[in-house]
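Here the structure comes first, spelled out in structure tokens, and everything after it is commentary.
Just the heavy atoms: all of them, side chains too, but no hydrogens, waters or symmetry mates, feed the values below. Here is the naming used below: chain letters follow the sequence lines, and residue numbers restart at 1 for every chain.
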2 protein chains.
Amino acid sequence: MIDRIDRRILSILQEDCTIPVAEIGRRVGLSTTPCWRRIQKLEEDGVIQRRVAILDPKKVNVKVTAFVAITTSRHNDDWLRKFADVISEFPEVIEFYRMAGQVDYLLRVAVPDIEAYDAFYKRLIAKIDISDVSTSFAMEQIKSTSQLPLSYVQTEKPRAERDDQ
Amino acid sequence: MIDRIDRRILSILQEDCTIPVAEIGRRVGLSTTPCWRRIQKLEEDGVIQRRVAILDPKKVNVKVTAFVAITTSRHNDDWLRKFADVISEFPEVIEFYRMAGQVDYLLRVAVPDIEAYDAFYKRLIAKIDISDVSTSFAMEQIKSTSQLPLSYVQTEKPRAERDDQ
DNA sequence: ACTGAAAGTGCTCTCAC
DNA sequence: GTGAGAGCACTTTCAGT
């Protein structure tokens, strides 16, 4: 389905999606047409979901990252759906996971400072009844990337190599 | 520095950076040229850091997200720098924070499954001596976005509004 | 399946206002 | 800030390998 050339294309586009197709082709050893068709297919197949601009958190005044661990006292499905919807609506919530283990849910929240987090927190609990919440703040963002590892992609060997065996 | 129109432009580009400048201009009530110039400036100023393709984690076979909480037994600066470098090198590490509070460091790791996490973990501890590690797995990704909240941006009021006052 | 060429389109970016 | 225009990159097709 995805071969090594596709993987290299994905790697390039994950890094910078403004590179012209002709240049991508050159880098992966393909001419423009097949390279363009591969990219088109990767988009059709949903491997490439979207192309977006990445902003500098500091420049848009969200310097503080908070991790919010939520433990709920077991509610029914309806409540959980409402819970998920309400929380997802907050633009400050960048990531939202249902967890295995002690903690039930984990949020990553982007805000300017601790006071803003407090205000966010108040708006959150005003909208939804949460029993147990524990917040940790990040002091420093050492790494944060939109690039997923591509080493685990199920690669189909290129035809040439397959025929060799 | 950044006014409301810039903010709307950023909001659009955070969502989809393939939209033509003319269309962005139309949406924010500007003709192509000034809109293009604003985008150019936002890039120069580093507000827009890059433009990237966002891939579907499932399609590239990283279905499991692990959060790794690391507690170190207080090392010196050199060790900490090496620690940061070694961990940052792993492409599976998508996010890496230095934390306040109980936990010293928090990683978000993307892997195909629990076995792959275990292999990753072995490679990690083989490279660096970590005393106390605690891993939690996400069962479900309810929300995950590259879009930062723009409500906190320091906005300079547009000239017209300022003059009105 | 990829190459290369080539036509058509639409966008980028500059310039004059 | 507007509007127009030149140049260019991208898209898409087609014949050929």
Nucleotide of C/dC13, D/dG1, C/dG4 approaching B/R38 most closely (side-chain heavy atoms): D/dG1

Atom CD of A/E23 and atom P of D/dC8: how far apart are they, to the nearest Å? 17 Å

Donor-acceptor pair under 3.5 Å, B/T33 side chain vs D/dG3 base: yes

Interatomic distance, B/W36 CH2 vs C/dC13 C1' [rounded to whole Å]: 5 Å

Quick check against the 3.5 Å criterion: does B/N61 have a side-chain atom that pairs as donor or acceptor with the backbone of A/Y152? yes

In the single-linkage hydrophobic clustering (I, L, V, M, F, W, Y; side-chain heavy atoms under 4.5 Å), do A/F96 and A/F120 co-cluster? yes

Less than 4.5 Å apart, side chain to side chain, heavy atoms only: is that true for A/L13 and A/I24? yes

Is a side-chain N or O of B/K143 found less than 3.5 angstrom from the main chain of A/V93, in a donor-acceptor match? yes

Nucleotide C/dC2, atom P - distance to CD1 of A/I39 in whole Å: 13 Å

Just the rounded figure in Å: distance from P of D/dC10 to CG of A/L30. 15 Å

From C-beta outward on A/Q40, which listed nucleotide comes closest to its side chain: D/dG1, C/dC2, D/dT12? D/dT12

Does A/P20 reach a base, just sugar-phosphate, or nothing at all? Heavy atoms under 4.0 Å. sugar-phosphate

Would one find a side-chain N or O of A/R37 under 4.0 angstrom from OP1 or OP2 of D/dT12? no

From CD of B/E43 over to P of C/dT12, roughly how many Å is that when rounded to an integer? 11 Å

Figure out the NZ/C1' separation between B/K41 and D/dG1, and round it to whole Å. 17 Å

Tell me which nucleotide among C/dT3, D/dT2, C/dT12 gets nearest to the side chain of B/P34. D/dT2

